[in-house]
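Quick caveat, the model's predicted, so the values are computed rather than measured. As the structure lists them, so they are numbered: ligands from 1, and atoms in each ligand from 1.
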Amino acid sequence: MIRSAIKGIGYHVPSQVVTNQDLTELMDTSDEWIKTRSGIEERHWVQGDEAASDLAFPAAKKAIENAGINPEEIDLVVVATISSDYFFPGVSSQLQEMLGLRNVGCFDLRAACSGFVYALSTADQFIQSGMYKTALVIGAEAQSKFINKTTEGRDISVLFGDGAGAVILQPSQDEAGILSTHLHSEGKDMKNLWMEGPGSSGLNQINKLTIEQAQRYEPFMNGREVFKNAVVRFPEVIQEALDKNNLSMDDVALIIPHQANLRIIQSVAKRMGVNMDKFYANIQRYGNTTAASIPIALCEAVEEGKIKAGDTIILAAFGAGYTWASAAIRW
Ligand code: ACO
């Protein structure tokens with residue numbers, strides 16, 4: 001069986017750093033409230049015309065360089081994002097041009113915070129089937145363009161940051177590679193974490209928006225419900241990856257969870273009876289970067305020497321939809 005392996009990684013965050021203290025100038029909040037509720041100390045936000053593709057492009061270039069491949073070798077691009085530059089087309093088509101790729105298949109995937117694991121799983125199937133040999137998989141978000149940065153939107157806006165992370169997937173030549181991926185979704189509570197417009201449900205921008213309608217163009221979150229679901233689904237999907245591969249927690253070097261909220265990660269570790277050391281967390285410096293959070297964390301964990309050749313790691317995500325997903329990977 002062909003197994004796909006991560007051959008290159010790269011990430012990029014915008015240069016503007018926004019601290020919790022900076023946010024107090026925009027809205028009624030405090031460093032203490034944000035830190036105790038989420039663990040976040042600062043995040044990076046795009047400025048001016050900067051958009052998701054401007055973050056995805058340098059992340060992709062770094063991953064290509066890290067893999068030591070020629071961009072011409074790439075034959076599939078999958079971008080996980082819910083903050084694409086335009087409503088359509090997706091960021092992936094822009095990257096085809098920006099990176100000077102052949103006219104390869106490019107598509108965006110909208111699975112919110114689970115997006116990167118969904119995209120990785122999708123690309124993995126193409127490599128496993130033998131259809132493609134080199135896939136570029138990216139999580140990229142410029143969520144700060146959509147959030148309400150006033151006191152009215154403070155429950156959400158303090159949590160989110162911008163950034164991008166990318167990996168190159170190719171067939172493995174040895175034991176390393178993606179061991180399994182697991183994707184799930186349940187739409188019944190989708191309105192606990194969603195953004196209503198723009199959409200085909202009736203909300204459109206052609207008519208002049210009332211104030212009430214305009215609010216539906218920003219994300220809404222029922223934080224407590226999201227928390228309750230996240231702390232159940234994360235352990236479930238991590239356990240699923242362990243069971244599928246006959247692994248115990250002791251066999252796993254590091255779990256890289258979606259950086260939703262430090263309290264969620266701590267609660268998941270506690271519920272699973274695992275020391276927090278086994279869970280990678282960098283939300284303190286980046287906030288919640290939605291689909292970009294796992295590949296950024298993966299890059300930093302590798303840079304910090306927390307993942308070594310031969311290690312088994314698990315990526316785990318939970319987000320809007322709800323969607324949740326995991327991947328077991330031998331490095
Ligand atoms: N600064 C100061 N006060 C705030 C802020 C803020 N940024 N946001 C809300 N508040 C106020 C509220 O208005 C409320 O005031 P009130 O009591 O006068 O009405 C008070 O703080 C408490 O609000 P709660 O909603 O009860 O706060 P809670 O302790 O539940 O924390 C939070 C909110 C952090 C969102 C929590 O529910 C949580 O951790 N949820 C998990 C969801 C999450 O982190 N999602 C991340 C994105 S989704 C994902 O990635 C999967």
What atoms of ligand 1 come within less than 4.0 Å of a heavy atom belonging to [X]?
X    : answer
N288 : 46 (C), 47 (C), 49 (C), 50 (O)
F160 : 47 (C)
G319 : 51 (C)
L193 : 48 (S)
C113 : 49 (C), 50 (O)
R263 : 36 (C), 38 (C), 39 (O)
V158 : 7 (N)

List the closest protein heavy-atom neighbour of [atom]: residue, atom name, distance to the nearest 0.1 Å.
atom                    : result
atom 21 (O) of ligand 1 : W33 NE1, 3.2 Å
atom 45 (N) of ligand 1 : M221 SD, 3.3 Å
atom 28 (P) of ligand 1 : R37 NE, 3.7 Å
atom 1 (N) of ligand 1  : T29 OG1, 2.6 Å
atom 39 (O) of ligand 1 : N261 ND2, 2.8 Å
atom 51 (C) of ligand 1 : F318 O, 3.2 Å
atom 24 (P) of ligand 1 : R224 NH2, 3.9 Å

Using every non-hydrogen atom in the two residues, find where I283 and Q259 come nearest and quote the distance to one decimal.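 Looks like N-OE1, 3.2 Å.
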Looking only at N/O atoms, are S30 and ligand 1 under 3.5 Å apart anywhere?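 No; the residue has no nitrogen or oxygen that sits under 3.5 Å from a nitrogen or oxygen of the ligand.
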Is the closest heavy atom of Q259 to ligand 1 under 4.0 Å?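 The answer is no, since Q259 has no heavy atom less than 4.0 Å from ligand 1.
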Distance-only, no hydrogens or angles: does the E73 side chain make a donor-acceptor pair with backbone N or O of N70 under 3.5 Å?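 A pair under 3.5 Å: yes.
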Would you verify that at least one protein heavy atom lies under 4.0 Å from atom 17 (O) of ligand 1, or report that none does? no
Heavy atom of protein inside 4.0 Å of atom 9 (C) of ligand 1, strictly below: yes
Would you say [X] and [Y] make side-chain contact, with heavy atoms under 4.5 Å?
X    : Y    : answer
R3   : Q128 : no
M272 : K278 : no
T19  : E41  : no
I313 : I255 : no

Hey, looking at atom 11 (C) of ligand 1, which of R154, E32, H258 has the closest heavy atom?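 That would be R154.
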To which of S157, S114, G223 does the heavy atom nearest atom 37 (O) of ligand 1 belong? G223
Less than 3.5 Å apart, any donor N or O on the side chain of [X] or [Y] sitting next to an acceptor on the other?
X    : Y    : answer
H184 : E236 : no
E300 : Y286 : yes
D75  : T134 : no

Between F234 and F318, what is the ring plane arrangement, given parallel below 30°, perpendicular above 60°, and tilted in between? tilted
Tell me whether the NZ or CZ atom of K145 lies within the 45° cone about the ring axis of W45 and under 6.0 Å from its centre.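 Geometry flag: not set, cation outside 6.0 Å or 45°.
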Does the pair N288 and R43 meet the rule for a side-chain contact (heavy atoms from CB on, under 4.5 Å), with working shown? CA-CA 8 Å; N288 178 340; R43 72 286 292 140; over 6 Å; no
